[in-house]
Number of protein chains: 2
Amino acid sequence: MSVEENAPVPQGAPHPPVRRATMRDVAALAGVSIKTVSRVINGVSSVAPPLREKVQQAIDQLEFQPNLAASNLRRTDRRTGQIALLLEDLSNPYSATLTRTIEDVARAHNTLVVAGSVDEDPQREIELARAFTQHRADGLVIVPTTSDQAYLHSEVRVGTPLVFVDRPPRGILADSVLSTNTDGAAQAVRHLVDHAHRRIAYLGDYSSISTAEQRFRGYQEEMGRNGLPIDPRLVRHDLHDIEAAVSAARELLALDDPPTALFTSQNLVTIGALTALRSLGLQHRVAVVGFDDFPLGDLLDPAVTVVAQDVPRIGATAARLLFERIEASDQLPPREHLVPTRFLVRGSGEIPPLDDVR
Amino acid sequence: MSVEENAPVPQGAPHPPVRRATMRDVAALAGVSIKTVSRVINGVSSVAPPLREKVQQAIDQLEFQPNLAASNLRRTDRRTGQIALLLEDLSNPYSATLTRTIEDVARAHNTLVVAGSVDEDPQREIELARAFTQHRADGLVIVPTTSDQAYLHSEVRVGTPLVFVDRPPRGILADSVLSTNTDGAAQAVRHLVDHAHRRIAYLGDYSSISTAEQRFRGYQEEMGRNGLPIDPRLVRHDLHDIEAAVSAARELLALDDPPTALFTSQNLVTIGALTALRSLGLQHRVAVVGFDDFPLGDLLDPAVTVVAQDVPRIGATAARLLFERIEASDQLPPREHLVPTRFLVRGSGEIPPLDDVR
DNA sequence: TTGAAAGCGTTACCAG
DNA sequence: CTGGTAACGCTTTCAA
């Protein structure tokens with residue numbers, strides 16, 4: 001039954017843990033009213049220095065920590081000091097970087113970040129959004145997976161700030177922050193054309209994803225502008241993971257008339273294509289330009305030429321928009337923000353076409 | 001006073017947003033008491049079906065969303081349904097994977113995850129911990145940066161579950177989940193020795209970091225066990241970023257009697273060393289074994305042999321320990337959990353030593 | 001400058 | 001099975 005006498009303090013002591021001190025406890029110990037304690041904690045000026053001193057001592061002695069939830073319940077501004085992020089997958093670099101950038105802005109606004117992974121599962125998106133709503137997050141940043149976000153109708157109605165990232169909202173009007181997907185893809189194709197390629201393959205993610213669709217459009221349009229026909233055998237949609245991309249790339253390269261260059265519309269697809277090329281010993285013979293940068297893209301041999309999304313800027317923009325709405329009184333109409341992609345020339349996109357067999 | 005009649009609903013409507021419905025509103029509309037609404041929402045069985053039906057209709061009509069903060073304030077179990085993570089940096093793969101794994105466990109416990117980056121700044125750690133505490137997170141997972149966590153004393157006292165990851169707690173007793181750093185480092189060195197290396201350099205992070213210290217110990221001990229002397233010129237501490245590692249590696253390789261193998265004790269240091277080797281054209285001549293895996297480590301040429309931490313298992317273990325304490329009534333004494341590293345042979349660690357000039 | 005009372009949205013307790 | 005009343009920990013309102 002004895003308590004450890006020397007530090008450190010053990011976790012899970014045999015006794016029921018001590019109750020947290022409340023303002024009432026502090027007030028009692030300091031011999032003042034609860035309201036005075038509140039004033040001291042909130043730094044309201046109108047407290048006489050000696051009183052303030054006594055209260056502060058009581059706070060320190062009791063190791064008092066105010067309960068923000070209780071505080072916010074009564075406060076006029078009704079802010080919980082938390083914003084929520086609905087992400088594709090917290091563990092992928094895009095989501096992780098986005099979260100980090102938003103966190104930095106949030107910190108400046110004295111706000112914490114709660115995040116969840118949706119994993120391209122619409123049901124999960126709805127559940128997560130509901131959970132965040134019931135926790136009364138001050139605002140939501142959403143990388144949507146659902147085809148329609150009308151389920152957020154009631155949140156819009158009560159004025160919860162919403163910012164969509166990567167993919168625009170459907171069924172509701174809200175701010176969004178998007179990359180210039182079509183332009184970026186067109187630039188990639190143009191780069192390959194400028195390097196004398198004519199048989200350029202497209203390897204893309206699920207075509208139901210709006211970004212994939214836009215990137216494919218950029219590919220199509222740029223091919224057209226250069227008078228190049230699109231060989232349907234060189235177009236592969238719906239590649240969502242490395243495995244699928246490896247197989248698709250291998251099949252393309254096994255054609256009688258294989259492509260001399262690959263445009264891969266997404267991170268994992270690029271990695272899959274590179275893996276396939278490497279296994280065939282073709283990594284220095286077939287050109288590759290990928291959409292989305294990835295870690296160590298510059299350490300590979302050849303280094304990978306990519307259309308990089310400016311994720312930090314996307315995150316910062318989204319966070320800025322969100323806090324503008326959280327803190328502003330007058331609400332402006334929703335806007336769509338475009339963040340330009342950056343083209344990073346690093347080697348794989350500058351490989352010349354293999355000599356054709358004519 | 002008119003409401004938009006057609007979808008989509010605009011964000012930032014000119015009218016002041018509608019007030020959220022409360023249980024009181026639902027009760028009034030359904031013609032029942034607030035308590036009955038509460039029962040319906042919490043799925044308590046003892047509500048007559050017809051009543052339940054009426055209440056449910058009112059809930060749907062008003063788009064009522066319960067306020068969890070208010071609920072938790074009154075509830076006996078006092079859980080907020082949120083756990084907090086104090087991480088090194090949300091955007092690095094270790095932190096991101098850890099977060100994701102913990103999120104998965106948390107989801108099964110109907111709990112959300114709020115996370116923050118400490119950036120190796122002790123002051124930031126303390127501030128973040130205080131913020132999480134004031135939000136009354138149900139438990140904390142901490143990758144500590146401070147040298148002493150006595151500042152968490154009051155949290156331990158009131159029984160907030162705490163789990164330390166990657167580095168053990170100091171100044172308090174709490175659960176921890178650690179990798180087998182010393183063993184893993186020793187295994188790396190042994191591997192190099194088995195491949196006939198004798199001049200093996202150590203490149204490590206800040207020696208103040210306990211994991212770096214342990215990994216260095218593993219290096220020392222294994223060198224000793226093999227009767228190999230440690231040349232102080234081949235030991236470089238306090239390399240915390242890629243830049244520093246590049247410089248250090250270049251210096252080592254410029255020695256009259258350079259190392260034939262490098263053991264790098266951390267992610268960024270490994271990348272720096274590889275960068276230096278590549279720039280010198282030595283990537284196929286000098287062996288490298290790194291601690292910590294990194295994305296695409298298997299796509300480089302040569303692929304990188306590493307001692308990989310099992311981050312998913314670390315995260316799952318930490319989350320499991322946390323929820324055991326959150327949900328258990330009887331508290332066991334804190335434990336230290338060791339998660340074994342995995343040795344991944346991929347190429348860079350199997351390069352034989354260059355012929356010495358004797 | 002200080003404090004008493006009411007209230008935030010919900011659940012606990014105990015009658016009916 | 002249902003509801004009234006008190007209470008959670010804090011801020012607001014208003015009076016002293």
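Note that the coordinates shown come from a computational prediction; the quantities given were computed from them, not determined experimentally. Quick note on labels: first sequence line is chain A, next is B, and so on, each numbered from 1.
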Once you build an axis from the first five pairs and another from the last five of the helix from dT1(C)-dA16(D) to dG16(C)-dC1(D), how far apart in angle are they, to 10 degrees? 40°
Under 3.5 Å, is there a donor on one side chain and an acceptor on the other for N110(B) and R79(B)? no
Crowded around R24(B) CZ? As in, over 12 foreign heavy atoms under 6.0 Å? no
Between side-chain atoms of residues 126-134 of chain A and protein atoms elsewhere (two or more places apart, or another chain), which donor-acceptor pairs fall under 3.5 Å?
from: T133(A); atom 1: OG1; to: A129(A); atom 2: O; distance (Å): 2.7
from: Q134(A); atom 1: NE2; to: Q65(B); atom 2: OE1; distance (Å): 3.2

Strictly under 4.0 angstrom, non-hydrogen atoms only: write out the protein contact profile of nucleotides 6-16 of chain D, one letter per nucleotide from the 5' end, B, S or -. BBBBBBB----
Rounded interatomic separation in angstrom, taking CD from E53(B) and P from dC1(D): 17 Å
Please report the distance, rounded to the nearest Å, between CG in D25(B) and P in dC8(C). 11 Å
Nearest heavy-atom neighbours spanning L112(A) and V114(B): CB-CG2, 4.0 Å
Output, in order, the C-alpha distance, side-chain angles, deciding distance and verdict of salt bridge (charged side-chain N to carboxylate O under 4.0 Å, His left out) for R124(B) and D119(B). CA-CA 8 Å; R124(B) 175 67 185 148; D119(B) 290 325; over 6 Å; no
Any chance the side chains of T146(B) and D148(B) put a donor and an acceptor closer than 3.5 Å? no
For a quick test of reading the model: is some side-chain N or O of S33(A) closer than 4.0 Å to OP1 or OP2 of dT2(C)? no
Test item: S95(A) and L98(A) side chains (from C-beta on) under 4.5 Å apart, heavy atoms: no
